[in-house]
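So you know, we letter chains A, B, ... as the sequences are listed, proteins then strands, and number each from 1.
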Amino acid sequence: MELNELEKIRAEKINAMRSQGIEPYPTRSEVDHSIRQALDAFAQFEADHQDEPFSETFILGGRIRSIRSMGKLAFAHIEDGSGRIQIMLRLNELGEEALAQFKDYFDLGDFIQAGGTLMRSRTGEVTLLVSSFKMLAKAVSPLPAAKDEEVDGQIIRHATLSDPETRFRQRYADLAINEEVREIFRVRSAVVRALQRFMDSHGFIEVETPILQPIYGGAAAQPFTTHHNQLHQDLYLRISFELYLKRLLVGGLDRVYEIGRDFRNEGVSFKHNPEFTQLEFYWAYADYLKVMEFTEQMVSTVAREVLNTQKVQFKGQELDLTPPWKRVELRQGILDACGIDIDQYPDAPSLLKAMNAKGLTAKPDSTRGKLIDALIGDLLEPNFIQPTFLYNYPRDISPLAKNVPNNPAVVERFEGFMGGMELCNSFTELNDPLEQEKRFIEMGRAYENDDEERHPMDEDYLQAMSYGMPPNGGFGMGIDRLVMLLTNTTSIREVILFPHLREREEE
RNA sequence: GGGCGCGUAGCUCAAUGGAAGAGCAGUGGCCUUUUAAGCCAUUGGUUGAGAGUUCGAGCCUCUCCGCGCUCACCA
């Protein structure tokens, strides 16, 4: 470990401490209360016994976040996972040697244990009057923290650590410094718990299906590939859970869900990370209309339980998650947005011509479904700010979904949008094995010359369906995006603890 | 992958092609109720890496690395 100048100074302090018989990394601590507990106890005492001194003693532990040191007195703030408190070290209580030790050896970022009683300082802040303290863990590297600056009488507040590269590469430092970042991940954890509670309370069981898969499927995405050495077998990291979860319906598990990681070998953006967390569920005897209602209940319930409100701020706008959400039929939505009635253009060339006439462009050789998908992405998605369900999708981009009755070109599928982002995707699942096989073959033919879009046929999935699959509604939702919406963050990297970054080149 | 922008002290940022700076952090002093503590002094730089143009490059040119935005991609 190469030490810079600041680190060398701290390393020397470690040596100095050891030479005085002080262990900078002791094995045990005697911390007996969290900071929150101490603050609560003091507040309770004050409410009951006004103006009496509080004699109970507390031993608190935490990271030193600020130091204000005077000649015979020093203040500091320490912070643990529960909160922050000011401590006061005074010559009267500690004696010269101990106070000098604090001043000589303790820096910002060190973990300290401090014991004493609680009081209010002259300015009224609840303060631990320290009678004893010890180092719990010396920080060698200073946290990359900055303070604010005063220029021409104007206070300029710098973010403590704002460089995104440093924040994400050294997330531990980002978390240690920025309380609001810790809060995002508390919310994230609470969101996952609330989703599980919601699913459990509706009779679903949580299951785990393979991440390493011999055949990938259930979505249109490029997979990561890997290899099992002993078995001489190529494997893929899953791009969705769908095909395995529906096998479970065949097996008699009527309501299943999984929360876990998907891996897609594709572009990275503010809303795409190569690995991301998804909730998928499959619900026997339900269809996409039931799932639609279930979805708005689920998301609004989660928001209420986690944030105590169903109205969230996102990118300067208020999103109202209260059911029912707006419903837009896909054909009508596109007609309203650009005047094109997709039903009048049954094939790709005619639709493309109509789009070109409106000044809309698309990749050449797109299928009809791809063109419609492009229309959704360009014209509809950015404008779906309030929660909106878009429903009834073209069949050729939805090979696993069931037709709308008496309409072979359209399937029972919806996507949920809000804040201008796609949040979830759902359909009445196709459960006719012969039809499913036809669709796979169609897909294979449509993308015969397109390696990126061609997907392998999953014979075992067809075998499962052949035993009989109950009619069901399926659902998938990006948890990362949901957390973005609930925490008002604009990049998926903000809600993933260790987002993917390019590997740093060694010199 | 394409386009645009950025990379200077531990952190946040300055610096017409002409002597690399500030605030905070650090270090040494003074200071027993501070909280963005204060006052005095002071250390700290391969300006992302490499090459080129120039009498002279943080600044101009090229290559590379990384980050951001954006486009493409993403049933």
What is the nucleic acid contact for [X], judged by heavy atoms within less than 4.0 Å: base, sugar-phosphate only, or nothing?
X	value
A:Ile9	sugar-phosphate
A:Asn92	base
A:Pro394	nothing
A:Lys13	sugar-phosphate

Could you tell me the Watson-Crick or G-U partner of [N], where both distances fall under 3.5 Å? Say none if there is no partner.
N	answer
B:A9	none
B:U27	B:A41
B:A49	B:U63
B:G17	none
B:A36	none
B:C69	B:G3

Once you round it to whole Å, what is the distance between [atom2] of [N] and [atom1] of [X]?
X	N	atom1	atom2	result
A:Asp104	B:U27	CG	P	10 Å
A:Arg90	B:U33	CZ	C1'	9 Å
A:Glu266	B:G1	CD	P	15 Å
A:Leu143	B:U12	CG	C1'	16 Å
A:Arg481	B:C74	CZ	P	14 Å
A:Asp373	B:A72	CG	P	13 Å
A:Glu242	B:A75	CD	P	13 Å
A:Arg264	B:C74	CZ	C1'	8 Å

task = Among A:Arg65, A:Arg36, A:Arg63, find the one that has a side-chain contact (heavy atoms from CB on, under 4.5 Å) with A:Arg84.
result = A:Arg65
Counting only distance, no hydrogens or angles, is the base of [N] paired donor-acceptor with the side chain of [X] under 3.5 Å?
X	N	answer
A:Arg122	B:U33	no
A:Gln86	B:U34	yes
A:Arg68	B:U33	no

Expressed in whole Å, how much space separates the [atom1] atoms belonging to [N] and [M]?
N	M	atom1	value
B:C11	B:U46	P	13 Å
B:U16	B:C60	P	11 Å
B:G45	B:C40	P	25 Å
B:G18	B:G3	C1'	35 Å
B:U27	B:A14	P	28 Å
B:G21	B:C59	C1'	15 Å
B:U54	B:C13	C1'	29 Å
B:C24	B:A9	C1'	12 Å

Choose from [options] the nucleotide whose nearest atom is closest to any side-chain atom of [X].
X	options	value
A:Arg169	B:G26, B:U33, B:G66	B:G66
A:Lys72	B:U32, B:A25, B:C11	B:U32
A:Pro144	B:A75, B:U34, B:G10	B:G10

inquiry  = Centroid separation under 6.0 Å, is that true for the rings of A:Tyr236 and A:Tyr216?
reply    = yes
ask   = Would you say the side chain of A:Met418 lies within less than 4.5 Å of the side chain of A:Phe384, judging by non-hydrogen atoms?
value = no
task = Dump the intermediate steps for salt bridge (Lys or Arg N to Asp or Glu O under 4.0 Å) on A:Arg413 and A:Glu415, then the final yes or no.
result = CA-CA 7 Å; A:Arg413 172 180 176 190; A:Glu415 292 186 311; 3.2 Å; yes
query = Looking only at side-chain N and O atoms, does A:Arg395 come under 4.0 Å of OP1 or OP2 in B:A75?
reply = no
request  = Indicate whether OP1 or OP2 belonging to B:C74 is found under 4.0 Å from a side-chain N or O atom of A:Lys370.
outcome  = yes
query = Can A:Arg327 be said to sit on top of A:Phe389's aromatic six-ring, NZ or CZ under 6.0 Å from centre and within 45° of the ring axis?
reply = no
key: A:Asp104/A:Lys13 ion pair, N-O < 4.0 Å   = no
remark   = When A:Lys103 and A:Ser69 are each assigned the nearest nucleotide of RNA chain B, the 5'-most assignment goes to A:Lys103
key: Closest-nucleotide ordering on RNA chain B, the 5'-leading residue of A:Arg413 and A:Ser121   = A:Ser121
message = Check the orientation of A:Phe263 and A:Phe224. Use parallel for under 30°, tilted for 30 to 60°, and perpendicular for over 60°.
response = perpendicular
inquiry  = For a ring-ring contact (aromatic ring centres under 6.0 Å, His included) check, start with the C-alpha distance between A:Phe102 and A:Phe133, then their side-chain angles and the critical distance, and finish with the verdict.
reply    = CA-CA 9 Å; A:Phe102 179 80; A:Phe133 64 90; 5.8 Å; yes
